[in-house]
Amino acid sequence: MAAEENLYQPADLESRWQKHWEQQGTFAMGDADSRPKYYVLEMFPYPSGRLHMGHVRNYSIGDVLARFKRARGCAVLHPMGWDAFGLPAENAAIQRGVHPAVWTRSNIEAMRDQLKRLGLSYDWSREVATCDPDYYRWEQDIFLDMLDRGLAYKKGGLLNWCDSCQTTLANEQVENGLCWRCSTTVVQREMEQWYLRITDYAQELLEGLSSLPGWPAAVTSQQETWIGRSVGASIQFELVDAGSIPGVDGPLEVFTTRPDTLYGCTFMSLAPEHPWTRKLAEGTDQQDAVFAFVDRMGTTEKADRVDEKTEKEGVFLGRHAVNPVTGRPIPIYTANFVLADYGTGAVMAVPAHDQRDFEFADKYEIDKVVVIQPDGDALEPAVMTEAWTGQGVLVGSGDHDGLDNEAGKQAIVDELVAKGCGAASVNYRIRDWGISRQRYWGSPIPVIYCDGCGMVPVPRDQLPVVLPEDVEPDGEGGSPLIRHEAFWKVSCPTCGGEARRETDTFDTFMESSWYFLRYCSPHFLGGMVDPQMARSYMPVDQYIGGIEHAVMHLLYARFYTKVLRDLGHLEVDEPFANLLCQGMVCHETYRDEQGWLYPTEIRFETNTEVGPDGKERAVRKAFHKESGHEVTIGRVEKMGKSKHNTVDPEMLMQRYGADTARLFCLFASPPTKDLDWSDSGVEGCYRFLTRVWRLVTGRAAELAGAGSPEGRELSEDAVGLRRRTHQTIARVTDDIERRMQLNTAIAATMELLNNIVAFERDSNGKPRPLEDDDRAVLLEAVQMLLRLLSPFAPHITDELWQALGHDGLLEDEAWPESSADVASSATMSLVIQVKGKKRGVLEVAVDASEEEIKAAALAMPNVQKFVGDAPPRFVKYIPGRLVTIVPGG
RNA sequence: GCCCGGGUAGCCCAACCGGUAGAGGCAGGGGACUUAAAAUCCCCCGAGUGUGGGUUCGAAUCCCACCCCGGGUACCA
């Protein structure tokens with residue numbers, strides 16, 4: 001018997017269907033299509049060579065949506081490509097002697113193969129790889145446009161430098177003072193590099209966030225914080241020795257959000273890096289102290305400098321400025337807590353009303369002047385223990401005394417404007433995007449430096465500037481392009497003289513800032529995107545990826561979109577209408593004295609033990625497979641190499657097949673929440689598919705051609721199954737379309753299977769013989785089960801669909817509609833509550849009137865017992881749910 | 001510190017607008033099948049929702065205070 005059974009063997013059938021889809025072009029998308037478009041996009045991967053479980057989860061979510069929308073009649077654009085430039089390729093080259101291009105391309109091959117084996121419904125004809133000159137040439141082209149418009153510029157200054165990556169980093173790419181990629185402490189270096197004027201778009205980037213209700217608040221609020229808009233005033237402070245200080249011309253400018261406290265400003269603080277810090281001190285008797293302090297700050301790590309716990313310290317510069325409203329001279333200091341790159345790098349210090357200034361003034365015995373009195377309190381500088389930063393009424397502020405401090409802000413700004421030494425002003429924390437990288441494996445920056453002509457853009461007809469591949473990264477520091485004479489030695493496009501090419505390459509976030517556009521017309525030769533295709537497909541309707549890019553990729557892509565709109569390449573303001581950030585994939589950790597262990601090295605034992613409460617409970621222990629010793633089961637953490645708590649998707653696919661891998665990633669938790677890996681949970685999903693398989697293959701022959709259940713006189717059980725079938729259609733549809741709650745959609749299909757099995761079994765749990773009517777109902781239920789399951793587990797469902805005698809693909813079947821008539825039942829059960837406590841259940845016809853229901857509820861013996869004789873205070877009917885009664889008396 | 005999430009059976013999770021706390025899976029127990037085991041099938045057990053208050057006829061859900069976990073951010077003038 002067993003030998004004849006048709007076993008579920010995913011490996012074989014999955015590759016068969018994948019080939020079939022590819023040959024049929026099932027997921028390819030033509031451009032002339034009258035159906036409504038739906039663009040579903042998952043963040044494209046860096047081609048590391050192997051998928052990890054986070055990828056599987058990310059792409060499975062997107063694939064369900066793509067397949068669902070296709071079934072709902074949309075023209076679905078669902079592309080995939082490769083974020084192919086970047087450091088790991090160079091590191092691999094240095095460590096293993098493989099060229100980055102070779103390494104990257106073979107990784108792409110391997111990962112594309114893995115993606116195909118997952119059965120993801122991509123239109124592979126749109127695949128792009130960012131390291132392809134046909135791709136990055138358009139980035140170079142747009143860069144030249146930005147250069148023309150002044151949106152790209154080069155400047156020197158202090159930059160974030162990662163010594164491990166041997167390159168500069170943009171501000172967004174420094175996380176807690178560490179490199180986002182390798183967690184090395186970032187240091188400051190004086191360098192020249194290219195910038196994009198993202199600050200020109202700061203206000204629009206901020207305002208645009210409110211047009212994105214489909215984005216998680218966690219992301220929009222992070223971007224809002226990053227952009228950091230502050231409203232206040234810029235104020236000029238004249239210097240006491242104005243005009244006689246070499247290198248210092250004009251007043252000292254500050255930005256403040258508290259112009260209302262200006263009368264209380266008793267000193268100023270400059271960042272050690274402020275261009276005037278040394279100049280002001282030069283020649284005064286403070287010179288040596290100041291220079292020593294600035295030097296010391298220069299060698300202090302930024303992370304330590306900006307730690308709030310670091311004591312405030314500084315040095316008097318030996319100079320004074322004039323408070324523009326009081327006319328009093330105030331000392332100028334340099335202070336460690338003043339940031340060079342925020343505002344003007346100089347602050348007006350109001351010790352009575354700013355905690356930092358308060359501490360600083362305490363330490364250096366600087367006057368505190370109270371200019372805001374809180375309601376019902378009289379602040380006295382001598383006895384204050386901390387600054388008053390709250391609201392109050394202005395005092396000691398000349399004509400403004402008595403004003404509420406909020407009104408005082410405007411009043412004092414008005415005074416400054418009248419005096420010509422200040423104005424209302426808005427400041428942003430975001431700074432321009434530094435895009436030069438001193439690395440090889442990236443797109444060349446298309447400019448040339450000529451001694452005679454200066455910086456010269458590479459003429460358009462010479463694009464792309466192709467990254468030479470006859471280069472061997474050696475880890476010597478600096479881009480190897482510097483040592484590649486054939487690359488950098490060029491003649492000047494303007495004068496024909498000897499010139500040098502730029503040898504830095506673009507930040508790889510440049511490529512990922514517009515790849516979603518290239519997918520719209522991946523082979524277009526006239527520009528980065530065919531405007532007509534951009535019009536057809538943009539914006540992305542649903543973008544799916546990790547939240548780690550909240551202020552890197554997602555901000556840059558929004559910026560790029562606005563720039564490209566202004567350059568006439570597209571018409572949308574925002575690239576991604578809806579964003580879903582999937583949760584992390586987590587796994588238990590295991591360790592022994594030697595360190596972390598991989599799950600594959602562990603064997604488990606479960607025993608029941610009697611706990612201290614006398615109850616029996618299961619106790620799970622972990623043992624090292626090889627040595628047999630017990631190992632510690634640690635906490636559940638994000639899967640990662642460092643903790644060894646990874647599960648390889650490849651193993652999973654080989655053992656259970658792609659359908660199970662997909663199903664588990666979607667079933668174990670809702671898409672936006674973290675997913676705890678569980679081997680037994682995977683087994684459960686496999687078991688579910690096996691049950692579906694056995695059910696359908698066991699009944700296929702007799703079900704094929706069983707006909708429709710419509711218009712038949714059905715048994716009660718059959719009506720019940722039809723009802724569950726149609727209820728399930730409605731639930732799964734709603735769970736995917738409106739709620740994006742894929743775990744409960746799958747649970748609903750599991751429930752339907754349970755109902756189907758209960759229907760087709762006899763009292764001994766064996767398949768029972770079926771009448772015609774039952775066969776029709778069963779066929780409908782089974783077909784709906786397959787159709788509903790197909791976005792999640794596309795291979796097995798196609799196979800079983802065929803087994804039921806269908807020639808076409810399930811992918812070509814429309815999504816089913818739930819019939820409200822069939823889904824509803826004739827009666828409903830209502831809970832009857834008395835004073836909020838459940839006292840009975842009433843079975844009534846669904847069309848019973850409210851009066852009938854209330855009367856029936858009150859008539860129930862158990863209800864009467866609790867209601868008593870007095871007329872009830874009130875009786876309320878919650879339709880379809882319950883009747884609640886409050887007794888009178 | 002501040003800003004987001006999250007705390008529901010032994011575990012992962014449901015409960016959508018305030019209306020019967022349980023859909024689904026795992027684990028556990030029992031039974032059927034088997035020489036036996038695995039697989040399979042059937043049945044069963046199980047929490048009162050982190051804590052303390054409040055609103056309500058009724059709270060996992062709303063309000064207040066607090067605890068724990070995860071993420072982000074942190075001298076931003």
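In what follows, chains are A, B, ... by sequence order, proteins preceding strands, each numbered from 1. Note that the structure is a prediction, hence the values are computed from the model and not measured.
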*Phosphate contact (B:A23 OP1 or OP2) by A:Asn755 side-chain N/O below 4.0 Å*: no
*Is any side-chain nitrogen or oxygen of A:Arg687 closer than 4.0 Å to OP1 or OP2 of B:A39?*
no
Counter-base of [N], judged by Watson-Crick or G-U geometry with both distances under 3.5 Å:
{"N": "B:C16", "value": "none"}
{"N": "B:U40", "value": "B:A32"}
{"N": "B:U73", "value": "B:G1"}
{"N": "B:A65", "value": "B:U51"}
{"N": "B:A59", "value": "none"}

*Summarise protein proximity over nucleotides 70-77 of chain B in one line of letters, 5' to 3': B for base, S for sugar-phosphate only, - for none, counting protein heavy atoms closer than 4.0 Å.*
S-S-BBBB
If we take the [atom1] atom in both [N] and [M], what is their distance in whole Å?
{"N": "B:A59", "M": "B:G53", "atom1": "C1'", "result": "14 Å"}
{"N": "B:A74", "M": "B:G7", "atom1": "C1'", "result": "26 Å"}
{"N": "B:G71", "M": "B:C13", "atom1": "P", "result": "16 Å"}
{"N": "B:G5", "M": "B:C64", "atom1": "P", "result": "14 Å"}
{"N": "B:G25", "M": "B:A14", "atom1": "P", "result": "15 Å"}
{"N": "B:G29", "M": "B:C45", "atom1": "C1'", "result": "7 Å"}
{"N": "B:G31", "M": "B:C68", "atom1": "C1'", "result": "43 Å"}
{"N": "B:A27", "M": "B:C69", "atom1": "P", "result": "30 Å"}

_Pair A:Asn160-A:Gln173, side chain to side chain donor-acceptor pair (under 3.5 Å): steps then yes or no_ = CA-CA 9 Å; A:Asn160 306 302; A:Gln173 295 156 30; over 6 Å; no
*asked:* Using modelled atom types and a 3.5 Å cut-off, is there a donor and acceptor pairing between side-chain atoms of A:Gln355 and backbone atoms of A:Ala387?
replied: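 Yes: the side chain of A:Gln355 pairs with the backbone of A:Ala387.
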Parallel, tilted or perpendicular: which fits the ring planes of [X] and [Y], with parallel below 30° and perpendicular above 60°?
{"X": "A:Phe664", "Y": "A:Trp677", "result": "perpendicular"}
{"X": "A:Tyr686", "Y": "A:Tyr656", "result": "perpendicular"}
{"X": "A:His553", "Y": "A:His549", "result": "perpendicular"}

With a 3.5 Å cut-off and sequence neighbours excluded, list the donor-acceptor pairs that the side chains of residues 827-839 of chain A form with protein atoms.
residue	atom	partner	partner atom	Å
A:Thr827	OG1	A:Glu843	OE2	2.9

I need the [atom1]-[atom2] distance between [X] and [N], as an integer number of Å.
{"X": "A:Asp676", "N": "B:C13", "atom1": "CG", "atom2": "C1'", "value": "10 Å"}
{"X": "A:Leu789", "N": "B:G24", "atom1": "CG", "atom2": "P", "value": "16 Å"}
{"X": "A:Asp735", "N": "B:A14", "atom1": "CG", "atom2": "C1'", "value": "10 Å"}
{"X": "A:Phe792", "N": "B:G24", "atom1": "CZ", "atom2": "C1'", "value": "13 Å"}
{"X": "A:Lys673", "N": "B:G7", "atom1": "NZ", "atom2": "P", "value": "5 Å"}
{"X": "A:Glu637", "N": "B:C69", "atom1": "CD", "atom2": "P", "value": "14 Å"}
{"X": "A:Phe667", "N": "B:C11", "atom1": "CZ", "atom2": "P", "value": "17 Å"}
{"X": "A:Leu695", "N": "B:C41", "atom1": "CG", "atom2": "P", "value": "11 Å"}

Taking any heavy-atom pair under 4.0 Å as a contact, classify [X]: base, sugar-phosphate, or nothing.
{"X": "A:Pro216", "result": "nothing"}
{"X": "A:Gln741", "result": "sugar-phosphate"}
{"X": "A:Ala217", "result": "nothing"}

*When the nearest nucleotide of RNA chain B is assigned to A:Leu830 and to A:Gly684 on a heavy-atom basis, which residue is associated with the more 5' position?*
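Closer to the 5' end of RNA chain B: A:Leu830.
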_Proximal nucleotide (of B:G24, B:C26, B:A14) relative to the A:Glu751 side chain_ = B:G24
*Could you check which of B:C13, B:U20, B:G24 has an atom nearest any side-chain atom of A:Ser669?*
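From the listed options, B:C13 comes nearest.
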*Is B:G48 in the syn or the anti form, by the rule that syn lies within 90° of 0?*
syn
*Is B:C13 in the syn range, within 90° of 0, or in the anti range?*
anti
*Scan side-chain atoms only and decide if A:Asp735 and A:Thr744 contain a donor-acceptor pair under the 3.5 Å cut-off.*
yes
Does any non-hydrogen side-chain atom of [Y] lie less than 4.5 Å from one of [X]?
{"X": "A:Pro216", "Y": "A:Leu579", "answer": "yes"}
{"X": "A:Met268", "Y": "A:Val254", "answer": "yes"}
{"X": "A:Met348", "Y": "A:Phe267", "answer": "no"}
{"X": "A:His587", "Y": "A:Val636", "answer": "no"}

_Taking donor-acceptor contacts at under 3.5 Å, does the side chain of A:Arg738 reach the base of B:C16?_
yes
*Mark yes when over 12 heavy atoms from residues, nucleotides or ligands other than A:Arg761 sit less than 6.0 Å from its CZ; otherwise mark no.*
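Yes, because the 6.0 Å sphere around CZ of A:Arg761 holds more than 12 heavy atoms from other groups.
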All N/O contacts under 3.5 Å from nucleotides 54-58 of chain B to the protein, with atom names and distances to one decimal?
residue	atom	partner	partner atom	Å
B:C57	O2'	A:Gly836	N	3.3
B:C57	O2	A:Thr884	OG1	2.8

